[in-house]
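All remarks here apply to the structure that follows.
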Amino acid sequence: VFCEVTVTALQAPGLLGAAVVIEDRSRDEETEQMRRDFVANVSHELRTPLTALMGFIETLRGPARNDPAARARFLDIMEREAGRMNRLVADLLSLSRVEQDERRRPAQNLDLAGLLRSVVATLTPAAAAAGVRLELQGAAGKVPVPGDADQLVQVFHNLVENALKYGGGGGVATVTLERLAHEPVLRGPAWAVSVADQGEGIDQQHLPRLTERFYRVDTHRSREQGGTGLGLAIVKHIVNRHRGRLRIESERGKGSRFTVILPEQIGRI
Ligand code: ADP
């Protein structure tokens, strides 16, 4: 515990004494530490592709100047590194927007089933390219829920993309929409959307930390797949804004299931 102690002398006629105020500042200290860690992480994440880009520029100017094959290869790598920086900056902007919105309840109503059909249709070519069969279950007709359509598209996009990235290739990824008559924590009816894959799964000890910014089980693997380490942090903030819950279940060697539970009525909570 980090405390700040302020002692003030009381000077009133006929009164001799002092006031002692003890304030618990450990929370502030923790927030400040998190902010510092975040800035350090962002700098590090940006520096890695930047260093690579600068190295390749140098090589293109020097040794590779008259080597067309090497030039083409280096330009491909440079494009990939620039793409990585671009995704990182886009995710950082998303995260800061989502954080600012978190206290404002989404006012519109949207059709959750239609939204899932459209996310799955958009990602079906990417699934095919990754050798994964993408299936959608229970999303017929219309399912009205209060929510921000753009943000929920981002949530399911991120979860399905992860299922494709870490799904192990060759398996099936399933998106399932299901109504829960009574969700105990939300204390009312809710809609559960789960995204399940048959990938390598995640060891239990990592599960509570997955939604932290830049937390990855395998940094090299995430980078190779073009990950920024911010996807699940964004998901978590958006789900919070919708007063929903995010449940993560996984078993090593069997696969993972990420379930977003959204209240049918935000006003009930
Ligand atoms: P990233 O950009 O690294 O994918 P995320 O925030 O989306 O960042 O995910 C954080 C980490 O959680 C990933 O690096 C990966 O280690 C793990 N992860 C996320 N989804 C899955 C999944 N479906 N299967 C296995 N691991 C996953």
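Position 1 is the first residue of the sequence; numbering continues from there. All values reported here derive from a predicted model rather than from experimental measurement. Indexing begins at 1, ligand by ligand and atom by atom, following the structure's order.
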Residue, atom and distance of the protein heavy atom nearest atom 12 (O) of ligand 1 read Leu210 CD2, 3.4 Å
Nearest heavy atom to atom 3 (O) of ligand 1, choosing from Ala173, Ser222, Gly167, belongs to Ser222
In the structure I gave you, are the side-chain heavy atoms of Pro189 and Arg179 within less than 4.5 Å of one another anywhere? yes
A student checking ligand 1 against Thr228 at a 4.0 Å heavy-atom cut-off should list atoms 2 (O)
* Quick check: does Val217 get an N/O under 3.5 Å from an N/O on ligand 1? -> yes
| task | Return yes or no for this condition: an N or O of Gly231 is under 3.5 Å from an N or O of ligand 1. | result | yes
The protein heavy atom nearest to atom 6 (O) of ligand 1 is Leu232 N, 2.8 Å
A student comparing Asp91, Asp197, Asn158, Thr219 should find that the heavy atom closest to atom 23 (N) of ligand 1 comes from Asp197
Logged contact type for Gln225 with ligand 1, heavy-atom cut-off 4.0 Å, is neither
Side-chain H-bond candidate by donor/acceptor type, Trp191 with Glu264, under 3.5 Å | yes
- Query: Less than 3.5 Å between some nitrogen or oxygen of Gly229 and one of ligand 1, yes or no?
  - Reply: yes
In terms of its nearest heavy atom to atom 21 (C) of ligand 1, the top option of Phe214, Tyr166, Tyr215 is Tyr166
In ligand 1, the atoms that come under 4.0 Å of a heavy atom of Ile202 are 25 (C), 26 (N), 27 (C)
Of all protein heavy atoms, the one nearest atom 7 (O) of ligand 1 is Asn162 ND2, 2.9 Å
The atoms of ligand 1 lying under 4.0 Å from a heavy atom of Lys165, numbered in the order shown, are 1 (P), 2 (O), 4 (O)
